[in-house]
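One structure below.
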There are 2 protein chains.
Amino acid sequence: MTEDRWTPPAVLLAVDLVILTLRESHLQVLLVERGVEPYKGALALPGGFLRDAEEDLTAAARRELAEEAAMDVEPLHLEHLGVYGEPGRDPRGRVVSVAYLAIAPGLPEPVAGTDAAGARWQRADRVLSGELELAFDHRRIVADGVEKARAKLEHSALATAFCGPVFTIADLQRVYEAVWGIPLDPRNFYRKVQKTSGFIVAAGSERKVTTGRPARLFRAGPRTVLYPPMVRPAEQPNAKGREE
Amino acid sequence: MTEDRWTPPAVLLAVDLVILTLRESHLQVLLVERGVEPYKGALALPGGFLRDAEEDLTAAARRELAEEAAMDVEPLHLEHLGVYGEPGRDPRGRVVSVAYLAIAPGLPEPVAGTDAAGARWQRADRVLSGELELAFDHRRIVADGVEKARAKLEHSALATAFCGPVFTIADLQRVYEAVWGIPLDPRNFYRKVQKTSGFIVAAGSERKVTTGRPARLFRAGPRTVLYPPMVRPAEQPNAKGREE
DNA sequence: ATAATAGTGTCTGTTAGACACTATGGG
DNA sequence: CCCATAGTGTCTAACAGACACTATTAT
């Protein structure tokens with residue numbers, strides 16, 4: 001933010017998107033198969049370069065998502081995730097990538113777009129475990145996105161966005177269990193969610209899915225930030241930073 | 001991360017730094033007086049453009065800090081804060097700025113460097129209130145940095161870093177009160193900190209500062225992440241997202 | 001009736017917050 | 001003595017976690 005008389009170097013600016021959804025009880029991330037070098041044929045996050053020097057970063061992110069996955073981009077809320085800019089992360093030269101995170105309810109199977117040979121949902125745990133290899137440093141970006149999503153469930157009413165317009169409390173619990181990767185007690189979850197006023201509100205009727213007593217239906221309430229938060233059990237009670 | 005045959009636009013990449021410290025019981029932020037247009041003479045965060053296309057982002061941040069504030073940059077831990085890249089935020093053209101946050105104990109008064117007419121500590125609350133005007137969108141960046149610092153006090157042992165090598169529990173409490181901007185009960189704070197094992201460890205002797213009973217001395221313990229966290233009282237019990 | 005899921009009641013251990021109280025120094 | 005700060009004890013209300021129990025449907 002200073003200097004003159006000397007010309008600062010220009011860099012290539014890219015955006016990458018971590019789009020998370022819940023499908024078949026698993027947290028899934030949208031990946032595309034790269035159609036061009038480098039890493040041609042490999043799986044990667046959707047993303048790409050800014051189109052022109054006036055394009056807004058989030059606009060670029062939405063455009064890339066529409067191009068590569070033909071997704072309806074309107075309703076997505078994009079959130080800044082991080083910047084990945086180590087020299088050498090892209091063989092084409094100095095590329096600094098700004099990553100965005102979006103979390104959304106059961107999104108449809110995307111169709112192949114123009115830039116990518118294909119776009120598909122993949123289970124996030126398979127990416128994190130290394131079972132699926134990703135181009136560039138995209139695995140790291142996915143890991144950061146998943147961790148951010150887990151944290152957001154604690155402090156925001158985001159989980160309701162994973163469900164349809166109406167849902168049962170058990171539906172909501174499945175969201176938490178899938179994203180956090182741990183089982184929760186249904187009874188305690190039930191009351192915890194109920195007493196967090198403004199989180200969910202009753203929606204008249206009931207629903208019968210398969211067997212058992214029909215469940216009441218709810219919709220998302222007006223509250224966006226949860227205080228007190230939904231507590232996520234400590235990941236590893238005796239991990240780093242812990243002792244006693 | 002796709003496309004070829006067409007050349008992506010280059011943008012100017014800058015780094016900005018939010019350096020926070022605690023001086024005279026107030027959270028303070030390091031600001032420089034801009035020596036060049038635009039905003040010449042105005043207060044701004046230290047920062048600047050990448051020197052060359054191979055420079056690492058954090059390296060650029062450290063270099064700018066050394067140049068503009070002649071600060072010893074070695075021990076600072078820089079943490080990614082955000083990206084500020086709206087078109088039009090800089091009159092010189094498309095500038096995307098990556099902001100970093102550093103939090104450190106009683107740093108010395110900086111001396112004027114080469115790029116800036118001066119660098120000085122300013123109270124963060126004066127910046128947030130608008131009493132001090134900042135160039136560009138730097139006030140917003142400071143606000144994001146302060147909020148991040150407040151959150152970090154909750155979940156990490158960062159507060160001990162604001163104190164000297166040894167400190168009393170009252171010293172530590174003053175850190176929390178200054179950063180959070182609220183008073184805490186000394187008795188409850190005392191026990192809360194004590195029972196969070198690994199947070200602080202006893203350091204032999206005692207200290208008598210002015211009047212009253214001498215206090216025991218402690219030093220930072222081995223634990224870096226606090227679980228359970230130090231809970232920060234809800235900012236506004238009835239603010240956005242709240243009701244009932 | 002049985003299975004299965006929804007929803008309620010209740011106990012227990014822990015914790016935040018309030019605040020009385022004791023301890024130990026300097027005038 | 002008094003004052004000020006350090007440190008302890010203790011009560012209460014809220015809450016997480018465990019889990020028995022009741023309710024309501026389909027088969």
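All chains are named by letter (A, B, ...) in the order of the sequence lines, taking the proteins before the strands, and each is independently numbered beginning at 1.
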Checking contacts here: which listed nucleotide ([options]) is nearest the side-chain heavy atoms of [X]?
| X | options | result |
| --- | --- | --- |
| B/Val231 | C/dT5, C/dG25, C/dA16 | C/dA16 |
| B/Arg187 | D/dA6, C/dG9, D/dT8 | D/dT8 |
| A/Pro214 | D/dT25, D/dA23, C/dA23 | D/dT25 |

Mark yes or no for a side-chain to base donor-acceptor pair under 3.5 Å between A/Arg191 and C/dG9, with no hydrogen or angle criteria applied.
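Between C/dG9 and A/Arg191, which were checked side chain against base, a qualifying N/O pair under 3.5 Å is present.
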In whole Å, what is the span from the [atom1] atom of [X] to the [atom2] atom of [N]?
| X | N | atom1 | atom2 | answer |
| --- | --- | --- | --- | --- |
| A/Phe167 | C/dT5 | CZ | P | 20 Å |
| B/Tyr190 | C/dA23 | OH | P | 15 Å |
| A/Lys195 | D/dG17 | NZ | P | 12 Å |
| A/Asn188 | C/dG13 | CG | C1' | 14 Å |
| A/Asp185 | C/dT8 | CG | C1' | 13 Å |
| B/Asp171 | D/dT5 | CG | C1' | 12 Å |
| A/Arg213 | C/dT5 | CZ | C1' | 9 Å |
| B/Phe189 | C/dG17 | CZ | P | 13 Å |

Report yes or no: does [X] contribute a side-chain atom to a donor-acceptor pair with the main-chain N or O of [Y] at less than 3.5 Å?
| X | Y | result |
| --- | --- | --- |
| A/Arg120 | A/Val32 | no |
| B/Glu79 | B/Tyr100 | no |
| A/Glu64 | A/Val15 | no |

Short N-O contact, B/Asp144 and B/Arg140, less than 4.0 angstrom:
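The answer is yes: the pair qualifies as a salt bridge.
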Thinking salt bridges, do B/Arg232 and B/Glu147 make one under a 4.0 Å N-O criterion?
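A salt bridge links B/Arg232 with B/Glu147.
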Looking for any heavy atom pair under 4.0 Å, which part of the strands does B/Arg216 touch: base, sugar-phosphate only, or nothing?
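Sugar-phosphate: the residue B/Arg216, judged by heavy atoms under 4.0 Å, touches backbone atoms but no base.
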State whether A/Lys192 places a side-chain N or O below 4.0 Å from either non-bridging phosphate oxygen (OP1 or OP2) of D/dA16.
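Checking A/Lys192 against D/dA16: at least one side-chain N or O falls below 4.0 Å of OP1 or OP2.
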